[in-house]
Amino acid sequence: MSAVLVKTDGPIGIATLNRPEALNALNNELLDGLAAALEAWDADPAIRVMIVTGSDKAFAAGADIKEMAPKSFSQMQAENPFGRQMDRILRIRKPIIAAVAGFALGGGCELAMALDILIAADTAKFGQPEITLGIMPGLGGSQRTPLAMGKAKAMDLCLTGRMMDAAEAEASGVASRVVPAEMLMDEALKAARKIAAQSLPAVMMLKEAINRAYERPLAQGLAYERRAFHALFATHDQKEGMAAFSGKRKPAFRDE
Ligand code: DAK
């Protein structure tokens, strides 16, 4: 079964993350599939808007910890997993709606926040729990959370690794709106159809203009974050934090 299911509804491309056994945890296969689907729709004149969604239980519970756990600093830096697909996703010019139910954690939260509109089900839970694994956000979380919610709340979210519910996410500027879970796809499709009815050149220019409002300082922060993220794979605590997750136990960090 493919890690990303794709279908279209008139001018709308819909990509559904599909790794139910791992709560849609992100890996190269899933992100390659997602980036390829979005790029194909970006180039397809019949498609005007895209939706990315997950399951009722999880949009995505982060990057796949079990696959990442054994990686070294030099492997992370050389392979640049996820970073290269995220760069492709950020180059998509048509609007993308994230329709989020259940867990959107770590890389899953970062992916949702990197898209253009975020419609959350009232079941959605957002968080950046990387710190509990001995690492830090690596796909924009340390940069986009302070932009969305201000420094104090971003520090609170990222340094404690706690989750925020949909109402707090909306109040924090992470979610653009919250809807009852059973209405999530209807509301996302309704928003997509509204956008699809507008002039596509104007829509694409407006997306670019809004992105420019913060992209220049963001680009520098993202580059710093990527380097720092890779470097944490040189620590004992990254190995320990991820082994503890798989072993279903508390990590014993050594600060090294
Ligand atoms: N990775 C791998 N497997 C995961 C997973 C994950 N992130 N999240 C859940 N799973 C798996 C669980 O291990 C479990 O598998 P089995 O034990 O059944 O084999 C299955 O999905 C169901 O999960 P649970 O049994 O834990 O379900 P619960 O409802 O009890 O708990 C939970 C749900 C979401 C609270 C819990 O699963 C959880 O805490 N998951 C981990 C959340 C997390 O820490 N996420 C952050 C991951 S680190 C990069 C940039 C960024 C990143 C990576 C690279 N580069 C630029 C290179 C991002 C890093 C992250 O996102």
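Just follow the structure's listing: the first ligand is 1, and inside any ligand the first atom is 1. The basis for the numbers below is simple: all heavy atoms, side chains too, and nothing from hydrogens, waters or symmetry mates.
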Output the list of atoms in ligand 1 that are nearer than 4.0 Å to some heavy atom of F82, sorted by atom number.
49 (C), 53 (C), 54 (C)
Quick one: does M86 get within less than 4.0 Å of ligand 1, heavy atoms only?
no
Closer than 4.0 Å: a protein non-hydrogen atom to atom 30 (O) of ligand 1:
no
Look only at the side chain of T160 and the backbone of R162, and say whether a donor-acceptor pair between them is shorter than 3.5 Å.
yes
Do side-chain atoms of E110 reach the backbone of G140 as a donor and acceptor pair under 3.5 angstrom?
yes
Would atom 61 (O) of ligand 1 count as contacted, meaning some protein heavy atom under 4.0 Å?
yes
Does any N or O atom in A63 lie less than 3.5 angstrom from one in ligand 1, N or O only?
yes
Same cluster or not: I96 versus I47, using hydrophobic residues (I, L, V, M, F, W, Y) connected whenever any side-chain heavy atoms lie under 4.5 Å apart?
yes
Following the transitive rule for hydrophobic clusters with a side-chain heavy-atom cut-off under 4.5 Å over Ile, Leu, Val, Met, Phe, Trp and Tyr, establish whether V49 and L115 coincide in one cluster.
no
Please answer whether the main-chain N or O of I14 pairs with a side-chain N or O of D9 as donor and acceptor at a distance below 3.5 Å.
no
Evaluate the criterion salt bridge (charged side-chain N to carboxylate O under 4.0 Å, His left out) for residue pair E21 and R19; output intermediate values, then yes/no.
CA-CA 6 Å; E21 71 287 359; R19 294 190 67 219; 3.7 Å; yes
Indicate yes or no for a side-chain donor-acceptor contact from R48 to the backbone of A196 under 3.5 Å, with no hydrogens or angles considered.
yes
Is there at least one protein heavy-atom neighbour under 4.0 Å from atom 17 (O) of ligand 1?
yes
May I ask whether E67 places a heavy atom under 4.0 Å from ligand 1?
no
Please say yes or no: joined through hydrophobic side-chain contacts below 4.5 Å, possibly via intermediate residues, are L23 and I65 part of one cluster?
no
Please say yes or no: joined through hydrophobic side-chain contacts below 4.5 Å, possibly via intermediate residues, are L30 and M50 part of one cluster?
yes
Nearest protein heavy-atom contact for atom 56 (C) of ligand 1: which residue, which atom, what distance?
G138 O, 3.4 Å
Just to confirm my output: which protein heavy-atom neighbour is closest to atom 51 (C) of ligand 1, and how far is it?
L139 CG, 3.5 Å
Mark yes when over 12 heavy atoms from residues, nucleotides or ligands other than R212 sit less than 6.0 Å from its CZ; otherwise mark no.
no
Protein heavy-atom partner closest to atom 42 (C) of ligand 1 - residue, atom, separation in Å
A61 O, 3.4 Å
With heavy-atom distances below 4.0 Å as the criterion, list the atoms of ligand 1 near M76.
57 (C)
Is a donor on one side and an acceptor on the other found under 3.5 Å between the side chain of D122 and the backbone of A181?
yes
Do any N/O atoms on M68 end up under 3.5 angstrom from N/O atoms on ligand 1?
no
Looking only at distance, does K66 have an N or O less than 3.5 Å from an N or O of ligand 1?
yes
How does P129 reach ligand 1, by side chain, by backbone, by both or by neither, if only non-hydrogen atoms under 4.0 Å count?
side chain
E79 touching ligand 1 at heavy-atom level, < 4.0 angstrom
no
Checking heavy atoms under 4.0 Å, the part of L133 that sits near ligand 1 is side chain
Under the 4.0 Å line, does any protein heavy atom show up next to atom 8 (N) of ligand 1?
yes
Considering only the protein, which heavy-atom contact is closest to atom 52 (C) of ligand 1, and what is its distance?
F229 CZ, 3.6 Å
Counting heavy atoms only, which part of E21 comes closer than 4.0 Å to ligand 1: side chain, backbone, both or neither?
backbone
Hey, quick one: are M113 and L139 part of the same hydrophobic cluster, counting side-chain heavy atoms closer than 4.5 Å, chains of contacts allowed?
yes
In terms of residue, atom name and distance, what is the protein heavy atom nearest to atom 25 (O) of ligand 1?
K248 NZ, 4.7 Å
Which is closest to atom 4 (C) of ligand 1 by heavy-atom distance: F245, F233, F103?
F245
Flag if over 12 foreign heavy atoms under 6.0 Å of CG, D165:
yes
Is F73 atom CZ crowded by more than 12 heavy atoms from other residues, nucleotides or ligands, each under 6.0 Å away?
yes
Atom 1 (N) of ligand 1: closest protein heavy atom, distance to 0.1 Å, is I65 N, 2.9 Å
Would the number of heavy atoms belonging to other residues, nucleotides or ligands and lying under 6.0 Å from CZ of R84 be above 12?
yes
Return the closest protein heavy atom for atom 28 (P) of ligand 1 as residue, atom name and distance.
K57 NZ, 4.2 Å
Of the listed options L111, I131, L105, closest to atom 34 (C) of ligand 1 (non-hydrogen atoms)
L105
At under 4.0 Å between heavy atoms, is it the side chain or the backbone of P81 that contacts ligand 1, or both, or neither?
both
Which residue and non-hydrogen atom of the protein lie closest to atom 37 (O) of ligand 1, and at what distance in Å?
L23 CD1, 3.8 Å
